[in-house]
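Please read the structure below before turning to the comments.
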Amino acid sequence: MTWYVLAEGYVAAEGYVAAEGDVVAQDEVVARLRAAGCVFAEEEAAVLRDGDPAPELLAELVARRVAGLPLEHVVGWARFAGRRVLVDPGVFVPRMRTEVLVARAAAYVRTGSVIVDLCCGSGALGAVLAAGADGPVELYAADVDPAAVSCARRNVEPLGGTVYQGDLYGALPLTLRGRVDVLVANVPYVPTAEIALLPAEARLYEAPVALDGGADGLDVARRIVAGAGSWLAPGGQVFMECGEHQAAAAATALRAAGLNPSLHHDDDLDVTVVAGTRTH
Ligand SMILES: C[S@@+](CC[C@H](N)C(=O)[O-])C[C@H]1O[C@@H](n2cnc3c(N)ncnc32)[C@H](O)[C@@H]1O
């Protein structure tokens with residue numbers, strides 16, 4: 001599908017034509033969203049109205065949201081860890097639960113740190129880490145999906161970072177080997193058989209490669225772990241997100257790769273962050 005820009009920050013599917021009389025009065029927006037089943041209709045209405053779009057544009061945005069597109073794909077951005085991250089159509093929308101991973105990784109970022117964001121999607125994790133650092137850092141991000149890479153470039157390059165396209169570590173310049181202080185990787189970790197159970201917003205509007213983690217969900221995570229020892233600097237750490245039921249297997253893989261594992265579960269957001277440190 002081709003998309004075109006309607007106005008700064010907004011995109012619409014090619015061929016979309018707002019119907020006559022499709023202009024939504026401001027006070028109707030919440031009602032339309034609620035009728036379409038949006039649980040947080042007021043909050044979503046505020047996001048759709050952000051930037052004070054013209055009535056015709058607002059009508060188009062509301063229509064697309066009511067049709068089921070993820071809010072972030074409708075407006076072209078997501079709020080993540082206090083930052084506005086650009087999100088292009090088809091690119092994984094950064095989730096609030098991933099802020100837990102970012103907060104844990106941020107505690108290890110220092111001025112001059114080498115940060116790598118693998119499976120970067122929109123580049124949200126690396127962008128937040130670099131923007132929140134006390135001083136300059138080196139930021140590198142990579143993804144296999146060209147749409148994600150082009151989106152990540154818009155978020156990461158303004159911060160002085162570089163985005164590569166390719167398969168995991170294969171995308172990175174060899175000069176980074178043994179130099180990475182903080183490696184974040186929010187990999188796809190949904191077991192293949194559970195993809196069908198995901199909400200439609202994910203199944204229909206995010207790329208399968210962003211979701212499918214193989215039979216037990218840990219295929220990509222295991223490959224990240226296997227390579228981490230040779231890419232991390234001594235004392236460097238890798239951070240990944242997974243489900244609670246996957247944490248023990250992820251920790252076992254980290255130990256087998258010679259890394260010192262630690263686990264953190266966040267009850268509120270129901271997410272587990274596994275970390276591994278290169279100790280020698
Ligand atoms: C769950 S999404 C996470 C995106 C981003 N890190 C975030 O949290 O918003 C997983 C990402 O991994 C990428 N990916 C999957 N397999 C990959 C591989 N073998 N090499 C590089 N990227 C990969 C997908 O394209 C997708 O953008």
Side-chain angles (χ1 to χ4, degrees), residues 70-73 76-106 115-131 139-156 161-173 176 182-192 194-195 198-199 201-203 205-215 217-228 231 238-243 246 250 266 269 271-274:
L71 178 68
E72 296 81 359
H73 287 159
W77 58 272
R79 178 66 55 192
F80 181 70
R83 195 175 169 83
R84 187 182 284 220
V85 175
L86 303 173
V87 184
D88 291 338
V91 175
F92 187 85
V93 175
R95 309 294 206 261
M96 186 190 285
R97 62 174 177 266
T98 306
E99 295 180 5
V100 177
L101 185 164
V102 169
R104 296 194 75 78
I115 302 170
V116 169
D117 180 358
L118 281 186
C119 296
C120 68
S122 64
L125 281 65
V128 167
L129 289 175
L139 172 60
Y140 306 93
D143 201 286
V144 75
D145 176 6
V149 169
S150 119
C151 179
R153 288 196 169 125
R154 298 203 294 136
N155 289 307
V156 166
T162 307
V163 185
Y164 301 100
Q165 186 184 336
D167 180 31
L168 301 188
Y169 299 102
L172 300 177
L176 285 176
V182 175
L183 172 59
V184 290
N186 185 24
V187 303
Y189 63 87
V190 181
T192 305
E194 293 176 25
I195 297 281
L198 291 175
E201 286 187 14
R203 272 187 293 108
Y205 299 106
E206 292 176 328
V209 70
L211 306 170
D212 192 341
L218 292 173
D219 282 4
V220 184
R222 280 196 197 87
R223 292 181 57 213
I224 295 275
V225 168
W231 289 85
V238 54
F239 297 87
M240 294 183 305
E241 178 179 302
C242 66
Q246 296 167 321
D266 185 287
L269 293 171
V271 68
T272 299
V273 176
V274 292

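Note that ligands are numbered from 1 as they come in the structure, with each ligand's atoms numbered from 1 the same way.
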statement: A student checking ligand 1 against L125 at a 4.0 Å heavy-atom cut-off should list atoms 6 (N), 7 (C), 8 (O)

message: Give the atom numbers and elements of ligand 1 that come within less than 4.0 Å of a heavy atom of D145.
response: 25 (O)

Heavy-atom check, side chain of L183 versus side chain of Y169, under 4.5 Å: yes

- request: Decide whether an N or O pair under 3.5 Å exists between A148 and ligand 1.
  value: no

task: Show which atoms of ligand 1 fall inside a sub-4.0 Å distance from at least one heavy-atom site of V209.
output: 15 (C), 16 (N), 24 (C), 25 (O)

task: Could you point out which residue of V273, L101, L118, V116 forms a side-chain contact (heavy atoms from CB on, under 4.5 Å) with V184?
output: L101

- line: shortest atom 20 (N) of ligand 1-to-protein heavy-atom contact is with L168 N, 3.0 Å

message: Within the structure provided, determine whether F80 and S122 are in side-chain contact (heavy-atom separation under 4.5 Å).
response: no

message: Heavy-atom contact check, 4.0 Å cutoff: does P188 meet ligand 1?
response: yes

- prompt: Can you check whether D143 has an N/O within less than 3.5 Å of an N/O in ligand 1?
  reply: yes

message: Distance under 4.0 Å to a non-hydrogen atom of G166: what atoms of ligand 1 satisfy this?
response: 20 (N), 21 (C)

task: Please state whether A185 comes within less than 4.0 angstrom of ligand 1, counting heavy atoms only.
output: no

- prompt: Would you call L269 and M96 a side-chain contact if the rule is heavy atoms closer than 4.5 Å?
  reply: yes

field: V93 vs H73 side-chain heavy atoms within contact, under 4.5 Å
entry: yes

task: Tell me which one of V144, V102, V93 gets a heavy atom nearest to atom 17 (C) of ligand 1.
output: V144

query: Would you say A124 touches ligand 1, if touching means a heavy atom closer than 4.0 Å?
result: no

message: Among all the protein's non-hydrogen atoms, which is closest to atom 12 (O) of ligand 1, and how far away is it?
response: C119 CB, 3.1 Å

message: Looking only at the side chains, is there a donor atom on one of E241 and Y189 sitting less than 3.5 Å from an acceptor on the other?
response: yes

- request: Flag the pair E206 and R95 as a salt bridge only when some basic side-chain nitrogen lies within less than 4.0 angstrom of an acidic carboxylate oxygen.
  value: yes

message: Considering non-hydrogen atoms of the protein only, which is the closest contact for atom 1 (C) of ligand 1, and what is the distance?
response: A210 O, 3.0 Å

message: List ligand 1 atoms under 4.0 Å from D167, heavy atoms only on the residue side.
response: 18 (C), 19 (N), 20 (N)

Beyond-backbone contact of V163 with Y140, side-chain heavy atoms, under 4.5 angstrom: no

- prompt: Is the shortest N/O to N/O distance between N186 and ligand 1 below 3.5 Å?
  reply: yes

- request: Please state which part of C120 comes within less than 4.0 Å of ligand 1, counting heavy atoms only: side chain, backbone, both or neither.
  value: backbone

- request: State the CD1-CG distance between I115 and L129, to the nearest 0.5 angstrom.
  value: 5.0 Å

- prompt: Do D212 and T192 have side-chain atoms, one donor and one acceptor, less than 3.5 Å apart?
  reply: yes

